[in-house]
There are 2 protein chains.
Amino acid sequence: MKIDTDAKNDTRKRIMDIAEELLLTRGFNAFSYQWVSSELGVRNAAIHYHFPHKTDLGVALIERYRRRLSRFIEAQAALPPREQLERYFELAHSYFRQDRQVCPSGMLCTEFHTLPDAMRDQAAAFIGEMRDWSIDLAARGRDLGVFHYPGSAEEMGVLMFSALQGGLQLARVDDGWLDTVKRQITRLLGVE
Amino acid sequence: MKIDTDAKNDTRKRIMDIAEELLLTRGFNAFSYQWVSSELGVRNAAIHYHFPHKTDLGVALIERYRRRLSRFIEAQAALPPREQLERYFELAHSYFRQDRQVCPSGMLCTEFHTLPDAMRDQAAAFIGEMRDWSIDLAARGRDLGVFHYPGSAEEMGVLMFSALQGGLQLARVDDGWLDTVKRQITRLLGVE
DNA sequence: CGCACTTTACTTACTGGTCAGTAAGCTGTC
DNA sequence: GACAGCTTACTGACCAGTAAGTAAAGTGCG
């Protein structure tokens, strides 16, 4: 039996890790293969070997986000809504702690008009999945009598997602911003 | 007396108008002087005559946003909170209608780490003014008994700003998004 | 086991295109 | 004749992407 996760996959993963950090701090259009290769200590063309076109790298990154999100959702599907909400906030805050990153959806939305088609499709699917999860959380919390808010679960889920995305970006300019957003969302959910 | 708003100021204004559209659709890093000059029907260097460095153009754009915002705030300072809220929503929606633009603060936040210092300073000031106005609206609405929400005016103002910024971006992927956010904010403000 | 062959994971060296920015010249108006 | 508002022509840097070569590891076979 062959150990498949050797040099190739390791380099590939390290490229994606470096590219991910650059994507979430600077944006897809604001980093080049040079940035990745010099950080990794290889030549430019080595990146092209693993990801022939920059689009391939971008698509691979979003696909990975989607897999992670799917695992994240599954891993905490059984938790009570209050804890799920806490994890949702923690997810957002972990981006902020890491060099004031924004969430992938926020970066991909603002760069949307400049992205290649394949990346747009992936981004739209990813955002749809984020949206659905946020709505599910709002719905489940209300059904279990933990959240008390006006309007539908869809409206509340969409609002929470929007506020966290915006809040994470605005936190770059004002440290306390994200905490304020988290606090107010919690209050608006009527959690005692 | 000389009519000052002649060729120079006219070209300068047209450059800024074209650059503004590019900024809000593609982002500051994703358009070049070539894009502006070809749209305007002049040569590259003509743009450099009016704005020697791209940073100068960026700063001028944000300064203009700040002047506009200040006029916007002044023009409707006396309106009842419900109407002020409506105008706030309309401001956001007018961006969306125009080629799915995002609001300036959203674009500047996500590109923040790549912007020159002078632009960052302007962006931070602009966002601070937006924030203050949103908070004032929440405070005045509550004081006049029109809005009924939990938490402080600061928290509610910051949340509204965040949700509109995020919602405007996410509307690029899903047409109805912004309307949903507007509806839910209105509900959460306890407006009957 | 040992030798030939193939594949993997790169390298060096390059292309054509775009970028911001500059220098020098031209033209029409006060 | 001075200056505003351009133009043409250019520079050096960076960009994504490619082609050809190489060293080492893996594979098939006698």
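Chain letters run A, B, ... following the sequence lines, proteins first and then strands; every chain starts at 1.
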Asker: Looking at B:Phe28, I'd like to know if the NZ or CZ of B:Lys54 sits under 6.0 Å from its six-membered ring centre while staying within 45 degrees of the ring's axis.
Answerer: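 Yes.
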Asker: Find the distance A:Leu57:CG to D:dG17:C1' and express it as a whole number of Å.
Answerer: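 So the two atoms are 14 Å apart, to the nearest Å.
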Asker: Hey, which sits more toward the 5' end of DNA chain D by its nearest nucleotide, A:Trp35 or A:Ala45?
Answerer: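 With A:Ala45 and A:Trp35 compared, the 5'-side residue is A:Trp35.
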Asker: To the nearest Å, give me how far apart CG (B:Asn29) and C1' (D:dC14) are.
Answerer: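 Value for this atom pair: 14 Å.
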Asker: May I ask you to evaluate whether A:Thr11 reaches the phosphate of C:dC10, defined as a side-chain N or O under 4.0 Å from OP1 or OP2?
Answerer: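 True: A:Thr11 side-chain N/O within range (under 4.0 Å) of C:dC10 OP1/OP2.
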Asker: When you measure from the side chain of A:Ala46, which nucleotide among C:dT11, D:dA16, C:dA20 comes out closest?
Answerer: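 The listed nucleotide nearest to A:Ala46's side chain is C:dT11.
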Asker: Closer than 4.0 angstrom, basic N to acidic O: yes or no for A:Arg64 and A:Glu20?
Answerer: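 The answer is yes: the pair qualifies as a salt bridge.
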Asker: Closer than 4.0 Å, any side-chain N/O of A:His53 to the OP1 or OP2 of D:dA16?
Answerer: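 A:His53 to D:dA16 OP1/OP2: no side-chain N or O under 4.0 Å.
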Asker: Do any side-chain nitrogens or oxygens of A:Arg43 fall under 4.0 Å of OP1 or OP2 in C:dT12?
Answerer: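 Yes, within the criterion.
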Asker: Whole Å only: how far is the NE2 atom of B:His50 from the P atom of C:dG21?
Answerer: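 Answer to the nearest Å: 16 Å.
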Asker: Any idea which of C:dA20, C:dT11, C:dA9 is nearest the B:His48 side chain?
Answerer: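 Among C:dA20, C:dT11, C:dA9, the one nearest the side chain of B:His48 is C:dA20.
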Asker: Could you tell me whether the phosphate oxygens of D:dG5, OP1 or OP2, come under 4.0 Å of any side-chain nitrogen or oxygen in B:Tyr49?
Answerer: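 So the side chain of B:Tyr49 is within the cut-off, an N or O lying under 4.0 Å from OP1 or OP2 of D:dG5.
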Asker: Let's see if you can work this out: which of D:dA16, D:dC6, C:dC10 has an atom nearest to the side-chain heavy atoms of A:Lys54?
Answerer: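 When the side chain of A:Lys54 is considered, D:dA16 is the closest of D:dA16, D:dC6, C:dC10.
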Asker: From OH of A:Tyr33 over to C1' of C:dT11, roughly how many Å is that when rounded to an integer?
Answerer: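 In whole Å, C:dT11 C1' and A:Tyr33 OH are 17 Å from each other.
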Asker: Is it true that A:Gln169 and B:Thr110 share a donor-acceptor pair across their side chains at a distance under 3.5 Å?
Answerer: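 No, no side-chain donor-acceptor pair sits under 3.5 Å.
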Asker: Looking across every strand, which nucleic acid part, if any, lies under 4.0 Å from A:Phe51 by heavy atom: base, sugar-phosphate, or nothing?
Answerer: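 The residue A:Phe51 makes no contact with any strand.
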Asker: When the ring planes of B:Tyr33 and B:His48 are compared, do they come out parallel, tilted or perpendicular, using 30° and 60° as the limits?
Answerer: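 Answer is tilted, since the angle falls between 30° and 60°.
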Asker: May I ask you to evaluate whether A:Ser32 reaches the phosphate of D:dC14, defined as a side-chain N or O under 4.0 Å from OP1 or OP2?
Answerer: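 No, no such contact exists.
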